[in-house]
Amino acid sequence: MSALRAGLQHPGAGTTGGGVLNRLIGADLEAFARDVWARRAQLTRGADDFSDLFSADAVDELVSRRGLRTPFLRVAKDGSTLPGSSFTSPAGVGATVSDQLDDTAVWRAFGSGATLVLQALQRTWQPLGDFVSGLGTELGHPVQANAYITPPQSRGFDAHYDVHDVFVLQIQGTKRWLIHEPVHPDPLRDEPWTDRRSAVAEAAEGDPRIDSVLGPGDTLYLPRGWLHSARAQGAVSIHLTLGIHNWTRHALAEQLAESALAALRDDPRMRGTLPLGVDGPADELDAVRELLLAAVATADSAPLFHRARRRQGRPAPLGPLAQHEAVAGLGPASPVRLRDGLEARLEGLRLSTRVGWLDFSRSDLRSLTRLLDGDVCTAGDLGTGLVERLLRAGVLVPAGS
C-alpha cells in the first residue's frame with residue numbers, strides 16, 4: 001500500500017481523516033491518490049480559505065521584525081536571482097550578524113518589480129509549521145513551505161520544472177499560470193531543469209496543458225517535472241508553494257545497494273586483491289556480480305530508509321523552559337505524550353527518533369508501545385523514572401502542549 005493510501009485509510013496519521021490534504025484537493029482523496037498523485041497536474045477551484053496559514057501581514061512581520069537571514073529570503077526579477085548582499089545588512093548594536101534582511105532594501109527591490117521568496121516557512125511561521133507537519137505525515141514524504149510575493153504585472157522566474165512535487169495555494173491577488181507537460185518525466189534530485197534548458201524553453205513555446213488565473217483559495221498540484229511559469233495580474237500576488245520532496249524507487253535502490261555493499265565488506269572474497277595480470281575487471285565481473293546479487297537479495301534497507309526519513313525533517317518545536325517545568329513538576333498524575341514529528345521507531349530494544357536514540361529494557365516495551373500508539377498517559381502509568389528520562393531527552397512533552 002502506498003504511503004498516501006495508508007495515510008488516507010488510517011485517520012490517526014496526521015490530522016483527523018486526511019484533513020490537511022483534504023483542504024488542498026477537495027473531498028475525493030481516493031480519486032486523487034489513484035488518478036492524479038505523481039501522474040498529472042490538477043487545478044482545484046475554491047479548495048479552501050487559507051488565510052489562517054499566511055497573509056500580507058505575515059510577510060511584513062517576517063521581513064521587518066523577525067531578524068531573518070539569508071537564505072530564508074531570496075529575491076528574483078525577470079528570471080534572475082539577486083545577490084544576497086543587495087538586500088541584507090549588519091544587524092546593528094548587540095548582534096554580530098552581517099546578513100540580516102534590510103527591510104528598506106527589500107522594499108526597494110519589491111517596488112522595482114522583484115519577487116520576494118520566503119523560504120522554509122515551516123521553520124519561521126507556526127501556522128505553516130503545523131500544517132506542513134500534518135501534510136508530510138499524511139503523504140509520507142517530507143514537505144517544505146515557501147511563499148512567493150510578486151508585484152503587479154511581474155514575474156519572478158522563467159518557465160522551469162522542479163525536482164519535487166508542489167502544491168500551489170493562492171493567498172492574495174491573482175496570478176496567471178502556464179503549465180506544460182514534462183520534457184523529462186519524474187526527474188531525480190540531481191537532474192535540474194537547467195540541464196535541459198533548451199528543451200524546456202522550446203516546450204514552453206507550445207500550447208499549455210493549463211492556462212489559468214488562480215485566485216484566493218484556488219490550488220494547483222504539479223508533479224515533479226511539469227513545466228510552469230506564472231505572472232501576477234493587476235495586484236500584488238501572494239501564493240504558497242508546498243514542496244513535496246518525493247521518496248522514489250531509485251532512492252530505495254540506492255539504500256538497498258548501500259546495505260548490500262556494507263554486508264559484502266565482511267566477505268573475504270570481496271576484500272581480496274585482483275590477481276596479477278588481470279586485463280581490466282572483465283575476468284572478475286561474473287564472480288563479483290554473483291556475490292552482489294546474493295547480497296542484494298538478502299539485504300534489509302529498512303533501517304537506512306527510516307534513518308534517511310528522520311534526517312529529512314524536524315520534530316515539533318520544544319520550549320526549553322516549558323520542558324524544564326514539566327521535569328521539575330513531574331508527579332504520578334502528570335499527563336504526557338510523544339512529541340509530534342519525531343519519526344519514532346522501536347528497533348528491538350532501541351527507540352530511534354529525530355532527536356537521537358535510547359536503549360531500554362524489555363520491561364519498558366509495553367509503556368513505549370503505548371506512547372508510540374499516540375496515547376496520552378500519566379507518569380504513574382508508565383513509570384515516573386521512564387517518563388523523566390524521556391522528558392529530559394526531548395522525546396515526551398506535557399500532554400497539554
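Just so you know, these numbers use all the heavy atoms, side chains as well, and skip hydrogens, waters and symmetry mates.
More than 12 heavy atoms of other shown residues, nucleotides or ligands fall within 6.0 angstrom of atom CZ in Arg66. Residue Glu61 qualifies as enclosed at atom CD: its count of foreign heavy atoms under 6.0 Å is above 12. By the neighbour-count criterion of 12 heavy atoms within 6.0 Å, atom CZ of Arg366 is sparsely surrounded, having that number or fewer from other residues, nucleotides or ligands. The number of heavy atoms from other shown groups lying within 6.0 Å of CG (Asp207) does not exceed 12.
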Next on the checklist: Go through it in stages, so that I can follow the logic: the residues are Arg354 and Arg314, the test is side chain to side chain contact (heavy atoms under 4.5 Å, CB included), and I'd like the CA-CA distance, side-chain angles, deciding distance and then a yes or no.
Outcome noted: CA-CA 7 Å; Arg354 280 183 169 142; Arg314 297 176 65 95; 5.6 Å; no

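The salt bridge (charged side-chain N to carboxylate O under 4.0 Å, His left out) analysis of residues 87-100, with sequence neighbours excluded, yields the pairs Arg69-Asp99. Contacts classified as salt bridge (charged side-chain N to carboxylate O under 4.0 Å, His left out) and involving residues 255-266 (residues at least two apart or in different chains) are not found. A salt bridge (charged side-chain N to carboxylate O under 4.0 Å, His left out) check over residues 356-365, counting only residues at least two apart or in different chains, returns the pairs Arg350-Asp359. Within the structure, side-chain hydrogen bond (donor to acceptor under 3.5 Å, both in side chains) contacts touching residues 185-203 (residues at least two apart or in different chains) are His184-Glu191. Under the side-chain hydrogen bond (donor to acceptor under 3.5 Å, both in side chains) criterion, no residue pair touches residues 315-328, with sequence neighbours excluded. Sorted by first and then second residue, the salt bridge (charged side-chain N to carboxylate O under 4.0 Å, His left out) pairs with a member in residues 378-401 read Glu388-Arg392; sequence neighbours excluded.
Under the 4.5 Å side-chain criterion, counting only non-hydrogen atoms from C-beta, Leu396 is not in contact with Arg337. With a 4.5 Å cut-off on side-chain heavy atoms, Val63 and Leu68 do not count as touching. Counting heavy atoms from C-beta on, the side chains of Leu188 and Val163 never come closer than 4.5 Å.
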Quick one: side chains of residues 75-88, donor-acceptor pairs under 3.5 Å with protein atoms, not counting sequence neighbours, listed by atom name and distance.
unit_1 : atom_1 : unit_2 : atom_2 : d
Lys77  : NZ     : Ser112 : O      : 2.8
Ser86  : OG     : Pro83  : O      : 2.7
Thr88  : OG1    : Gly84  : O      : 2.9

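Across Phe110 and Ala114, no two heavy atoms sit closer than the pair CD1-O, 3.4 Å. Between Ala47 and Leu24, the shortest heavy-atom distance links the atoms CB-O, 3.7 Å. Between Val288 and Met270, the closest heavy-atom pair is CG1-CE, 4.0 Å.
For Ala263, there are no side chain to side chain contact (heavy atoms under 4.5 Å, CB included) partners at least two apart in sequence or on another chain. Legend: residues meeting side chain to side chain contact (heavy atoms under 4.5 Å, CB included) with Asp211, ordered by chain and number and at least two apart, are Arg176, Leu178, Pro208. Gln172 pairs by the side chain to side chain contact (heavy atoms under 4.5 Å, CB included) definition with Ala56, Val236, Ile238, not counting sequence neighbours. Partners of Asp162 under the side chain to side chain contact (heavy atoms under 4.5 Å, CB included) rule, at least two apart in sequence or in another chain, are His160, His164, Val166, His228. Among residues two or more places apart in sequence or in another chain, the salt bridge (Lys or Arg N to Asp or Glu O under 4.0 Å) test is passed with Arg289 by Asp286.
Checked by atom type, the side-chain pair Asp102/Gln100 shows no donor-acceptor distance below 3.5 Å. Between the side chains of Ser55 and Asp57, no donor-acceptor pair of N or O atoms lies under 3.5 Å.
In this structure, the separation between CZ on Phe72 and CG on Leu118 is 10.5 Å, given to the nearest 0.5 Å.
Classified by interplanar angle (parallel below 30°, tilted 30° to 60°, perpendicular above 60°), the ring pair Trp37/Tyr221 is parallel.
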